Amino acid sequence: MTDGRSREQPPRDHYSYAHYADPNTARAFDDRRFGGPIGQLVAATQARVLANMVGRIHEREVLDVGTGTGRAALLLARGGARVTAIDPSDAMLAIARQRASQELLDVKFMSGDAHALEFPDRRFDAVVCFRVLMHTPDWRRCVAELCRVADRLVIVDYPSATSVAFFEALGRRAAHAAGARTEPYRVFSPASIRAAFASSGFKIRSIHRQFVLPIAFHKAIGSRRFTIATEHLLDRAGLLKPFGSPVTLVAERG
């Protein structure tokens, strides 16, 4: 058995740490990500998919890694789970704690890093990790840590390399390298994700893909009805399975 405490963490000068440590970023995060009709649709879909994938959670131990402002952690706590939630950003954790207090929800928020989780092996029934792998310095190490502390399930999301996100990611990374203040990210192939989980003894059980067209495009249109109708047509045309993104998956210990 290992506890992760001896593992070294990556340098904190990586953009993902500095960006989310900014209190202004923390305060604006939810409005930027989940504001407006399309942001609300994204949030509602994420909540539904998470509930379906995690299954029965009442009185079960769940870890939310990279909790940010606590959206997933609070959802799980409302369902009766015993939730521990970690994030390296004190600014994000302050908002998450305030929201939990307002809702009278008992969530254990802690400072922590996905690269070196300070918990024993198989400590949690399920581990949830949203919007982390795309930004983290060493995503494979993070997947290994998620699997190490999970007894049964790991749920993550990522932008697909077969989607339009591939081109957006290229542009973001180029702009960041040129000195622009932007948030770069990586995309993932299904094979690389499967291999990372398989190396820790986990098998992908189910997958959900959200949009064929970019979220930014839908937000520019700003119509929930348009988004639902358009994405339904693209799904019927067989385009969602090969090109849909972001992807949310649940992996189960084999």
Side-chain angles (χ1 to χ4, degrees), residues 1-7 9 20 43 45-90 92-133 136 139-158 193 196-208 248-254:
M1 298 284 284
T2 58
D3 63 9
R5 278 188 284 269
S6 64
R7 298 166 186 243
Q9 298 179 3
Y20 291 107
T45 301
Q46 186 182 81
R48 174 177 56 80
V49 171
L50 174 58
N52 289 340
M53 286 185 169
V54 76
R56 182 186 175 277
I57 58 172
H58 185 69
E59 295 298 320
R60 290 189 173 180
E61 298 280 349
V62 181
L63 175 66
D64 180 20
V65 177
T67 190
T69 57
R71 181 174 292 272
L74 298 183
L75 175 70
L76 293 163
R78 293 184 201 112
R82 294 194 292 266
V83 183
T84 301
I86 70 164
D87 200 279
S89 168
D90 291 336
M92 289 284 199
L93 287 173
I95 294 174
R97 289 188 179 104
Q98 182 181 33
R99 290 179 172 173
S101 177
Q102 290 170 346
E103 294 192 40
L104 302 179
L105 292 171
D106 184 16
V107 178
K108 186 178 182 180
F109 289 106
M110 304 168 56
S111 179
D113 193 301
H115 297 84
L117 298 174
E118 297 187 1
F119 304 104
D121 296 357
R122 304 181 75 159
R123 167 68 175 77
F124 299 92
D125 182 70
V127 177
V128 176
C129 184
F130 288 150
R131 287 183 58 81
V132 172
L133 300 185
T136 188
W139 72 269
R140 287 182 176 85
R141 179 174 166 185
C142 291
V143 169
E145 279 291 274
L146 300 176
C147 293
R148 181 182 66 79
V149 302
D151 183 55
R152 189 172 62 96
L153 301 177
V154 175
I155 300 170
V156 302
D157 67 350
Y158 64 89
I193 290 290
F197 277 99
S199 67
S200 291
F202 277 70
K203 184 177 181 180
I204 295 173
R205 191 176 74 185
S206 66
I207 289 175
H208 175 270
T248 304
L249 67 83
V250 55
E252 189 170 26
R253 187 179 289 278

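Counting from 1, the numbers follow the sequence of the chain as shown. Worth saying up front: this structure is predicted, and the values here are computed from it rather than measured.
Atom CD of Glu59 sits about 5.0 Å away from atom CZ of Arg82, to the nearest 0.5 Å. Distance check, rounded to the nearest 0.5 Å: CG of Leu117 to CE of Met110 gives 10.0 Å. Between the CD atom of Gln98 and the CG atom of Leu93 there is a distance of 13.0 Å, given to the nearest 0.5 Å. Atoms NZ and OG1, from Lys108 and Thr84 in turn, are 5.5 Å apart once rounded to the nearest 0.5 Å. Here CG of Asp87 is found 9.0 Å from OG1 of Thr69. Values are rounded to the nearest 0.5 Å. Of the inter-residue distances, the one linking Cys147 atom SG with Leu153 atom CG reads 11.0 Å to the nearest 0.5 angstrom.
Side-chain contact between Arg123 and Leu63 is absent, with no heavy-atom pair separated by less than 4.5 Å. Considering only heavy atoms from C-beta on, Phe202 stays 4.5 Å or farther from Val143 through its side chain. Considering only heavy atoms from C-beta on, Arg71 comes within 4.5 Å of Gln46 through its side chain.
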Could you give me the CA-CA distance, side-chain angles and deciding distance for Glu145 and Val127, then say whether side chain to side chain contact (heavy atoms under 4.5 Å, CB included) is met?
CA-CA 10 Å; Glu145 279 291 274; Val127 177; over 6 Å; no

Dump the intermediate steps for side chain to side chain contact (heavy atoms under 4.5 Å, CB included) on Arg78 and Leu105, then the final yes or no.
CA-CA 7 Å; Arg78 293 184 201 112; Leu105 292 171; 3.8 Å; yes

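In terms of heavy-atom proximity, Val107 sits nearest to Ala77 at CG2-CB, 3.7 Å. Closest non-hydrogen pair, Cys129 versus Leu146, comes out as CB-CD1, 3.8 Å. Nearest heavy atoms, Ile86 versus Gly112: CD1-C, 3.9 Å. What you find for Ser200 and Arg253 is that their closest heavy atoms are O-NH1, 4.4 Å. Here the shortest heavy-atom pairing between Val54 and Ala126 reads CG2-CB, 4.0 Å. Val132 and Gly66 get closest at one heavy-atom pair: CG2-CA, 3.8 Å.
Every ring-ring contact (aromatic ring centres under 6.0 Å, His included) that Phe124 has, sequence neighbours left out, goes to Phe119. Under the side-chain contact (heavy atoms from CB on, under 4.5 Å) criterion, Arg131 pairs with Tyr20, Phe29, Arg33, Met134, His135, Asp157, Glu183, sequence neighbours left out. The side-chain contact (heavy atoms from CB on, under 4.5 Å) check on Val49 picks up Thr45, Met53, His208, Thr248, with sequence neighbours excluded.
For Arg97 (side chain) and Phe109 (main-chain N/O), a donor-acceptor pair under 3.5 Å exists by modelled atom type. Checked by atom type and distance alone, the side chain of Thr136 never pairs as donor or acceptor with a backbone atom of Leu133 at under 3.5 Å.
Each of Ile155, Val156, Leu50, Ile207 was evaluated against Val250; a single residue qualifies, Ile155, per the side chain to side chain contact (heavy atoms under 4.5 Å, CB included) test.
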